[in-house]
Visitor: 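Here's a structure for you.
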Amino acid sequence: ASQILDACLARFPDSTGLINEAMKLYSESKPARVFEVLTAAHEKSPDNAEIRRALVNRIAILRRNLTSRLAVVLVIR
């Protein structure tokens, strides 16, 4: 499934339907891939508000996760 999805995303990086499927498929197993998909979509369609919102939300999630991990490291030290 991921190979087919990735092939479709390569042809249509700003397809919101494909982006949604990628987010479902990769959110848990490959969160960096979701960021890559959203970045490619934003590069293709920078004026698309839906894509921009999804990218901003993903950045916020990554930031929270990084902040949480950093806090754990600092507590352990």
Side-chain angles (χ1 to χ4, degrees):
S2 64
Q3 290 176 339
I4 294 170
L5 180 58
D6 287 341
C8 291
L9 284 166
R11 289 188 66 197
F12 309 105
D14 58 342
S15 166
T16 54
L18 292 172
I19 293 167
N20 288 334
E21 290 304 313
M23 291 178 74
K24 289 178 200 173
L25 182 63
Y26 295 127
S27 284
E28 295 297 320
S29 63
K30 297 181 181 178
R33 179 67 181 126
V34 174
F35 184 73
E36 292 170 2
V37 167
L38 289 170
T39 301
H42 184 260
E43 288 172 358
K44 177 77 175 176
S45 296
D47 295 331
N48 185 314
E50 185 177 357
I51 292 171
R52 192 170 46 248
R53 270 192 303 276
L55 181 57
V56 168
N57 288 337
R58 181 56 51 171
I59 291 169
I61 290 168
L62 292 172
R63 183 177 179 200
R64 277 194 305 270
N65 290 344
L66 182 60
T67 302
S68 296
R69 289 179 184 170
L70 181 59
V72 169
V73 169
L74 293 175
V75 168
I76 292 173
R77 289 185 175 190

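Note that this is a predicted model, so its numbers are computed, not measured. The analysis underlying the following values was restricted to heavy atoms, covering all of them including side chains, and did not include hydrogens, waters or symmetry mates.
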Visitor: Tell me whether Met23 shares a hydrophobic cluster with Ile59, the cluster being built from Ile, Leu, Val, Met, Phe, Trp, Tyr side chains joined at under 4.5 Å.
Guide: yes
Visitor: Report yes or no: do Val37 and Leu62 belong to one cluster of Ile/Leu/Val/Met/Phe/Trp/Tyr joined by side chain heavy-atom distances under 4.5 Å?
Guide: yes
Visitor: Could you list the residues that satisfy side-chain contact (heavy atoms from CB on, under 4.5 Å) with Arg64, not counting sequence neighbours?
Guide: Ala60, Ile61
Visitor: For Asp6, enumerate each residue passing the side-chain contact (heavy atoms from CB on, under 4.5 Å) test, keeping only those at least two apart in sequence or located in another chain.
Guide: Leu9, Tyr26, Arg33
Visitor: State, to 0.1 Å, how close Ala41 and Ile51 come at their nearest heavy-atom pair, and which atoms those are.
Guide: CB-CG2, 3.7 Å
Visitor: Among residues at least two apart in sequence or on other chains, which ones pass side-chain contact (heavy atoms from CB on, under 4.5 Å) with Ala49?
Guide: Arg52, Arg53
Visitor: Mind running side chain to side chain contact (heavy atoms under 4.5 Å, CB included) on Gln3 and Cys8 for me, showing each step along the way?
Guide: CA-CA 9 Å; Gln3 290 176 339; Cys8 291; over 6 Å; no
Visitor: Got a sec, which pairs hit side-chain hydrogen bond (donor to acceptor under 3.5 Å, both in side chains) with one end in residues 7-17, sequence neighbours left out?
Guide: Asp14-Ser45
Visitor: Please report the shortest heavy-atom distance between Ile19 and Pro13, naming the atom on each side.
Guide: CD1-O, 3.7 Å
Visitor: Just jot down the side-chain contact (heavy atoms from CB on, under 4.5 Å) partners of Leu25, sequence neighbours excluded, or say none.
Guide: Ser2, Leu5
Visitor: Under the rule for salt bridge (charged side-chain N to carboxylate O under 4.0 Å, His left out), what residues qualify as partners of Lys24, not counting sequence neighbours?
Guide: Glu21
